[in-house]
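The block underneath contains the structure these notes are about, expressed in structure tokens.
The figures here come from the full heavy-atom set of this structure, side chains too, leaving out hydrogens, waters and symmetry mates.
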Amino acid sequence: MRIASSDAGAGAAVTPPSRVAIRLGHAGQCFLRTRPGIERRMKSVAVFPRTRELRIINEPEPVIQSPTQLLLRILDVGICGTDREICAFEYGTPPQGAAHLVIGHESLAEVVAAGDAVETLRAGDLVIPMVRRPCTHDHCAACRAGRQDFCSTGDFRERGIKEAHGFMTEMVVEEERYLHRIPRTLRDVGVLVEPLTIAQKALIQLWDIQERLPWTCPHRSGRRHGHCRRAVVLGAGPVGLLGAMALRANDFETIVYSRDRAPHPKEELTRAIGASYVCSEDVAPADLAAHVGDIDVVYEAAGASAIAFEMMHALGANSVFVFTGVPGRRGPVQVDTDALMRNLVLRNQVVFGTVNAGHDAFEAAVRELEGFVARWPQAVSSLISASHPLENHRELLLGRPGGIKHVLRMAA
Ligand code: BGC
């Protein structure tokens, strides 16, 4: 019998443990699960980099192998630029020894069964799996501290992206420590938690940086915002719009800067959350400050380096520029490095990049998403342009479907 290991997914054939105690159902009863000879199969979306194929594979369902693991049914999987790059074979690595990688990293799942040592989750709970798993090097202080989002060796694994199978499948097995519970009220939009963690990790770091301005630091007195006043979001994709919501929720005057000309659903959504919208064809990036006033924060979410560096010229004093996009390599662009460096020094500016997220950002994202739904229910649901059956995966992953966030609904 082939059993999937938790992190490597359904690729590895290992000997199943003969007796693993798990709890099933709300009653929480315990029994031994052996299932000899029973093999349930499931569909997954996988890429085969060597043969450059994208296809549905049919493999055995994974089985819990240790008491700290849970069996999850995947409900929704979001599709993002990273998935499309993996399907274009520009990114992504299968698990060691496997020819394929099951893709998908933005997910929402339901607990089907929990191992006996699982403490905080039970069958029926809705959970968001984290994406990154630590490297194994003793000298990586970040991974050893449980902060693999800051891994210093680069030998981390990411489910659905790098050396570990992902969530575009029917069932997965996962360790309790990589799961975050969400309330049932977030069933329809919970798949947005993972992309929202990017903004939350950025904000956590922004607050820490702006501690350097103690006179504008109200969260010393209990409020965790108010250091900066005006933020520009570069890009109106899901990461940009979720970032704009997070900035608005933290009382920033927020301007979304995008190439899509209004009227446009993205502009409507921006206005619905109390932010304003500027089209890049109307105002050049370097002129934006003259148009909207001093800019305290730029949250870059477009992955386009030329426009981002142009925008850097518009940064105000004591400001922060956050990069979240991963650009393709389109060749060199001209940048006025003297002007940028002068501003960085003479205006105390900070530029940082941020990737992936830790537990603190996941917890904040769940909390914030609940707040967004209460405040802007319509805008939050309009972030999800459509939910599709698995059969639509090719057009979503290989085409340009338009809209904002497309989701594969794996189970109701
Ligand atoms: C994911 C992150 C991941 C990054 C780099 C993003 O699309 O949301 O979790 O760390 O890609 O692979």
Side-chain angles (χ1 to χ4, degrees), residues 78-88 90-92 103 105-106 131-132 149-151 154 156 158 160-162 192-206 209 231-247 252 254-260 266 269-270 275 277-281 284-286 288 295 297-315 319-335 340 349-357 361 365 383 397 400-406:
I79 294 177
C80 80
T82 303
D83 300 311
R84 294 198 179 93
E85 276 180 27
I86 295 172
C87 293
E90 288 164 14
Y91 200 56
I103 62 170
H105 59 278
E106 296 179 3
V131 176
R132 195 175 277 194
D149 55 316
F150 284 106
C151 174
F156 58 80
E158 287 182 335
I161 302 174
K162 182 176 181 284
L192 298 173
V193 166
E194 198 278 339
L196 178 56
T197 62
I198 297 168
Q200 296 305 331
K201 180 176 171 183
L203 278 171
I204 291 167
Q205 293 171 92
L206 174 69
I209 292 164
V232 170
V233 174
L234 186 47
V239 174
L241 292 171
L242 283 165
M245 287 183 179
L247 289 159
F252 282 88
T254 305
I255 299 111
V256 174
Y257 185 75
S258 160
R259 64 182 169 200
D260 296 305
K266 292 175 178 177
L269 194 154
T270 300
Y277 188 90
V278 176
C279 174
S280 55
E281 285 181 23
L288 195 61
I295 298 169
V297 176
V298 175
Y299 180 76
E300 182 282 325
S305 63
I307 198 161
F309 277 87
E310 262 185 75
M311 177 75 79
M312 221 179 264
H313 291 284
L315 270 181
S319 56
V320 181
F321 192 107
V322 190
F323 279 105
T324 77
V326 183
R329 296 190 60 118
R330 289 187 199 91
V333 289
Q334 278 215 323
V335 177
L340 289 183
Q349 296 168 341
V350 174
V351 178
F352 75 91
T354 185
V355 67
N356 200 255
L383 282 171
L397 289 160
R400 293 207 158 268
I404 304 175
K405 172 64 72 188
H406 288 269

Side-chain contact, heavy-atom cut-off 4.5 Å: [X] with [Y]?
| X | Y | result |
| --- | --- | --- |
| Arg132 | Val355 | yes |
| Leu383 | Met245 | yes |
| Thr354 | Asp149 | no |
| Phe352 | Ile209 | yes |
| Lys266 | Ile404 | yes |

For residues [X] and [Y], report the shortest heavy-atom separation together with the two atoms involved.
| X | Y | answer |
| --- | --- | --- |
| Ala357 | Ala361 | CB-CB, 3.8 Å |
| Val256 | Ala244 | CG2-CB, 3.8 Å |
| Ala314 | Pro285 | CB-O, 3.6 Å |
| Lys201 | Asn356 | CD-O, 3.0 Å |
| Ile295 | Val297 | CG2-O, 3.4 Å |
| Leu242 | Leu192 | CD1-O, 3.9 Å |

| said: Applying side-chain contact (heavy atoms from CB on, under 4.5 Å) to Leu397 and Ile103, what does each step give before you reach the verdict? | reply: CA-CA 11 Å; Leu397 289 160; Ile103 62 170; 3.7 Å; yes
Distance (rounded to the nearest 0.5 Å) between [X] [atom1] and [Y] [atom2]:
| X | Y | atom1 | atom2 | result |
| --- | --- | --- | --- | --- |
| Tyr299 | Thr324 | OH | OG1 | 4.5 Å |
| Gln205 | Phe150 | CD | CZ | 4.0 Å |
| Leu234 | Leu288 | CG | CG | 9.5 Å |
| Leu196 | Glu106 | CG | CD | 11.0 Å |
| Leu269 | Leu241 | CG | CG | 5.5 Å |
| Tyr257 | Ile307 | OH | CD1 | 5.0 Å |

| With a 6.0 Å cut-off on ring centres, are Phe309 and Phe321 close enough? | no
Using the side-chain hydrogen bond (donor to acceptor under 3.5 Å, both in side chains) criterion, which residues pair with [X]? Sequence neighbours excluded.
| X | value |
| --- | --- |
| Glu194 | none |
| Glu281 | Arg261 |
| Glu90 | none |
| Tyr277 | Ser258 |

| Which residues satisfy the ring pair (Phe, Tyr, Trp, His ring centres under 6.0 Å) test with His406, sequence neighbours excluded? | His388
| query | Is there any side-chain hydrogen bond (donor to acceptor under 3.5 Å, both in side chains) pair reaching into residues 300-312, and which pairs are they, with sequence neighbours excluded? | reply | none
| said: Tell me whether Lys405 contacts the main-chain N or O of Gly78 through its side chain, where contact means a donor paired with an acceptor under 3.5 Å. | reply: no
| query | Do Thr254 side-chain atoms and Phe252 backbone N/O form a donor-acceptor pair below 3.5 Å? | reply | yes
